[in-house]
Amino acid sequence: MAAPPASLGSKGPVANMTSRVSAAAAHISDPMWQFELAALAAANPRQIGTVRPGTANWLLQWAANALAALSVFALLLRYGGTAPAKARPVIAGSPYLAALHAEDTTRTRHLRGALEKYRAASPSAQPAILLLGRPAGTVASAAEQLDVQELLDRSKLLRPLSLGSLFKGLPQAFVKLARGPQATGGFPAPLPFRERLAIAYRMVQGAAHAAWWNSAASGLAPAKALFGHTGTADTSQLEAAMQDHGWRTVHAVHGTNIGWPFAGLSDVAVFQTGADARLGASLPAYGNCTHLPLTKPEVSRGNGDWALLTSYTHLLHPDFAEHGSALDRRLIGWVRAAAEQMGQDPARIFWRPHPQIDLVDPAEKRALENAVADAGFSRWPAARPYEWLGSVSAAITTPSTVLTDALRLGQPAIVASLSEMQRDLLYGAHPLLVQDEASLSNALRTVLEPQSRASAFMQAWDAVQPGDKASIPSLLDAASA
């Protein structure tokens with residue numbers, strides 16, 4: 001069986017990202033600024049400690065603060081929000097609330113999907129849904145962007161902003177903005193002006209969210225609010241206002257926990273796995289970190305096919321910015337060599353790229369697809385469900401949520417890491433983690449032999465502790481824990 005490589009214990013900037021980011025953000029007393037700057041540092045841990053803010057920091061931050069306040073005002077004036085008086089009866093008549101960004105992306109689909117299923121099963125138990133994020137259109141257009149299949153009750157979609165709430169929230173916004181120069185002044189990582197502006201914007205919008213909530217929900221019986229994404233200054237100030245009124249807030253976390261970028265102040269954070277929850281509990285953030293209980297399935301037998309799922313070719317992956325599609329192409333070479341050694345028909349190796357394959361540089365997309373074609377692999381058919389992953393004899397993936405999904409299906413997936421990786425991620429404890437071509441071949445032999453396959457699955461399940469997929473009842477139950 002392939003053992004986790006010794007390099008996971010290295011002292012590189014990525015391997016020790018959590019501790020490096022903690023040190024970079026230790027001087028920040030305000031949690032909103034701490035979450036924001038910590039997430040920024042985690043986006044490129046190799047640059048932590050490489051710079052120190054200069055004497056212009058104070059001036060730059062206050063320039064960003066002023067532009068941010070004007071931007072919030074301009075966007076609200078252009079696109080509008082929901083008046084608190086109009087929202088109040090909707091909130092009062094809702095059994096619980098949900099809060100989502102107005103978009104159709106990975107970070108919304110897990111909670112949006114749970115809401116859609118629950119509406120189909122319990123049409124009368126629909127919540128008000130708060131539309132988060134920077135306004136990019138009217139409330140009606142934002143509802144269309146979130147509810148692409150028209151499966152939600154759009155009459156209950158609210159934008160928790162108004163011009164009145166913006167003005168009421170200005171004193172709190174000023175307090176938050178005034179803490180910016182101190183927070184950024186000791187930040188030992190690059191801080192581009194656009195990032196200063198984005199953070200300051202969320203500070204102002206978050207204060208407006210809080211003021212809006214105080215007007216719309218003050219005096220109402222407290223209930224529970226489910227967030228699909230949180231930890232930024234706008235969502236966190238909204239959560240804090242809810243908590244001040246006795247509401248319980250829950251963050252349904254959408255992906256694998258990588259530490260500080262997944263830190264927030266929700267009462268409960270429901271992670272995908274027990275390993276993710278343990279990492280979350282190590283940070284000064286959530287009140288409770290947990291995962292949803294799930295019965296362990298039987299290990300799948302395999303059908304003779306292999307599956308290869310790559311995800312380095314992804315706009316938000318830091319290694320893509322440095323290497324393009326090269327890491328995914330290298331993995332294709334490893335799998336091709338292993339298939340030749342083991343007599344696997346390359347046409348029975350089905351490749352599935354990250355969904356962002358259509359958004360990356362066309363040249364990188366073409367290079368990756370050519371590598372797959374040269375290897376003789378088949379493209380995963382568009383009509384084939386993702387759950388087919390559980391049927392294959394060997395599943396190989398780069399570090400991603402595929403590991404957790406595969407384990408839920410009884411599949412002991414092999415995780416191939418081709419760059420430096422955080423040692424506190426759930427992959428570090430995975431018995432089928434590989435970082436070179438020889439280890440991949442050994443891991444394939446493990447999963448292709450029935451007895452060692454079952455043993456590897458048991459070890460992986462116990463190490464990762466996969467949780468169940470989010471449902472509205474299970475998330476509401478978690479809020480009561």
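Computed from a predicted model, the values in this text were never measured in an experiment. All residue numbers in this chain count up from 1 along the given sequence.
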_Separation between NE2 of H101 and CG of D234, rounded to the nearest 0.5 Å_ = 6.0 Å
*Give every residue pair that meets the side-chain hydrogen bond (donor to acceptor under 3.5 Å, both in side chains) criterion with at least one member in residues 136-145, sequence neighbours excluded.*
T138-S141
_Could you go through F350 and W388, starting from their C-alpha distance and side-chain angles, then the distance that decides it, and tell me whether this counts as ring-ring contact (aromatic ring centres under 6.0 Å, His included)?_
CA-CA 11 Å; F350 293 88; W388 182 76; 5.4 Å; yes
*asked:* Run the side chain to side chain contact (heavy atoms under 4.5 Å, CB included) test against E340 and tell me which residues pass, sequence neighbours left out.
replied: R336
*Mark yes or no for whether Y312, through its side chain, and L331, through its backbone, hold a donor-acceptor pair below 3.5 Å.*
no
*Could you grab the distance from atom CD1 of I349 to atom CG of L308, nearest 0.5 Å is fine?*
8.0 Å
*Sequence neighbours excluded, which residues qualify as side chain to side chain contact (heavy atoms under 4.5 Å, CB included) partners of A43?*
none
*Do the side chain of Q237 and the main chain of A233 share a donor and acceptor less than 3.5 angstrom apart?*
yes
*Name the orientation class of the two ring planes belonging to F271 and Y286 (parallel below 30°, tilted from 30 to 60°, perpendicular beyond 60°).*
perpendicular
*For the pair W260 and F35, name the ring-plane relationship: parallel under 30°, tilted 30 to 60°, perpendicular over 60°.*
tilted
*Identify the heavy atoms of G304 and Q344 that sit nearest to each other, and give their distance.*
O-NE2, 3.1 Å
*Does one side chain, of S439 or N442, offer a donor that lies under 3.5 Å from an acceptor on the other?*
no
_Flag if over 12 foreign heavy atoms under 6.0 Å of CZ, R301_ = no
*For atom CD of E387, decide whether the heavy atoms of other residues, nucleotides or ligands shown that lie under 6.0 angstrom number more than 12.*
yes
_side-chain hydrogen bond (donor to acceptor under 3.5 Å, both in side chains) pairs, two or more places apart, involving residues 317-326_ = D319-S419, S325-R329, S325-E364
*Looking at residues at least two apart in the chain, or sitting in another chain, which of them share a salt bridge (charged side-chain N to carboxylate O under 4.0 Å, His left out) with R119?*
none
_Side-chain donor/acceptor of Q422 to backbone N/O of M17, under 3.5 Å_ = no
_Considering all heavy atoms, the nearest F457-L407 contact_ = CE1-O, 3.5 Å
*Verify, without hydrogens or angle tests, whether R423 (side chain) and N16 (backbone) share a donor-acceptor contact under 3.5 angstrom.*
no
_Distance alone, cut at 3.5 Å: any donor-acceptor contact between the side chains of Q272 and T401?_
no
_W380 (side chain) donor-acceptor with R384 (main chain) under 3.5 angstrom_ = yes
*Not counting sequence neighbours, which residues clear salt bridge (charged side-chain N to carboxylate O under 4.0 Å, His left out) with K296? List them please.*
D462
*Does Q341 reach the main-chain N or O of S441 with its side chain, forming a donor-acceptor pair under 3.5 Å?*
no
_According to salt bridge (charged side-chain N to carboxylate O under 4.0 Å, His left out), who are the partners of R109, at least two apart in sequence or on a separate chain?_
D104
*salt bridge (charged side-chain N to carboxylate O under 4.0 Å, His left out) partners for K156, two or more places apart*: none
_I need the L238 CG to L130 CG distance, nearest 0.5 Å._
6.0 Å
*Salt-bridge contact R330-E437 (side-chain N to carboxylate O under 4.0 Å)*: no
*When rounded to the nearest 0.5 angstrom, what distance separates CG in N257 from SG in C289?*
8.0 Å
_Applying side chain to side chain donor-acceptor pair (under 3.5 Å) to T446 and S452, what does each step give before you reach the verdict?_
CA-CA 5 Å; T446 295; S452 58; 4.9 Å; no
_Taking S311's backbone N and O only, do any of them form a donor-acceptor pair with T398's side chain (distance below 3.5 Å, no angle check)?_
yes
*Donor-acceptor pair between N303 and S391 side chains, under 3.5 angstrom*: no
*asked:* For W351 and S378: C-alpha separation, side-chain torsions, deciding distance, then whether side chain to side chain donor-acceptor pair (under 3.5 Å) applies.
replied: CA-CA 6 Å; W351 172 66; S378 299; over 6 Å; no
*Examine distances only and state if a side-chain atom of D147 and a backbone atom of L151 form a donor-acceptor pair shorter than 3.5 Å.*
yes
*Residues which pass side-chain hydrogen bond (donor to acceptor under 3.5 Å, both in side chains) with S300, listed by chain and number, not counting sequence neighbours*: R453
*When you measure from the side chain of H229 to the backbone N and O of T235, does any donor-acceptor pair fall under 3.5 Å?*
no
*Determine whether more than 12 heavy atoms belonging to other residues, nucleotides or ligands lie under 6.0 Å from atom CZ of R379.*
yes
_Short side-chain donor-acceptor distance under 3.5 Å, H314 and Q356_ = yes
*Identify the heavy atoms of A371 and I332 that sit nearest to each other, and give their distance.*
O-CG2, 3.8 Å
*Mind checking side chain to side chain contact (heavy atoms under 4.5 Å, CB included) for N44 and listing every partner two or more places apart, or none if nothing turns up?*
R46, Q47
*For residues D436 and W334, report the shortest heavy-atom separation together with the two atoms involved.*
CA-CH2, 3.4 Å
_Tell me which pairs pass side-chain hydrogen bond (donor to acceptor under 3.5 Å, both in side chains) where either residue lies in residues 190-204, with sequence neighbours left out._
E36-R202, N57-R196, Q61-R196, Y201-Q205
Pair up each side-chain donor or acceptor in residues 467-477 with any protein partner under 3.5 Å, not counting sequence neighbours, and list the distances.
| from | atom 1 | to | atom 2 | distance (Å) |
| --- | --- | --- | --- | --- |
| S471 | OG | S474 | N | 3.2 |
| S471 | OG | S474 | OG | 2.8 |
| S474 | OG | S471 | N | 3.1 |
| S474 | OG | S471 | O | 2.9 |

*Working to the nearest 0.5 Å, report the span between CG of L132 and CD1 of I129.*
10.5 Å
*asked:* Apply salt bridge (charged side-chain N to carboxylate O under 4.0 Å, His left out) to residues R112 and E116 and explain how you reach the verdict.
replied: CA-CA 6 Å; R112 189 191 67 191; E116 292 169 352; 3.4 Å; yes
*Going by the angle between their ring planes, with limits at 30° and 60°, are Y118 and Y96 parallel, tilted or perpendicular?*
tilted
*To the nearest 0.5 Å, how far apart are CG in L131 and OG1 in T82?*
7.5 Å
*Between H254 and F227, does the ring centre distance come in under 6.0 Å?*
no
*Between N288 and T290, does a side chain to side chain donor-acceptor pair (under 3.5 Å) hold up when you go through it step by step?*
CA-CA 6 Å; N288 181 34; T290 187; 5.1 Å; no
*So E239 and T249, side chain to side chain donor-acceptor pair (under 3.5 Å) or not? Walk me through it.*
CA-CA 7 Å; E239 283 193 272; T249 65; 2.9 Å; yes
*Could you tell me whether the side chain of D328 and the main chain of T313 form a donor-acceptor pair under 3.5 Å?*
yes
*Is atom CE of M342 surrounded by more than 12 heavy atoms (other residues, nucleotides or ligands) closer than 6.0 Å?*
yes
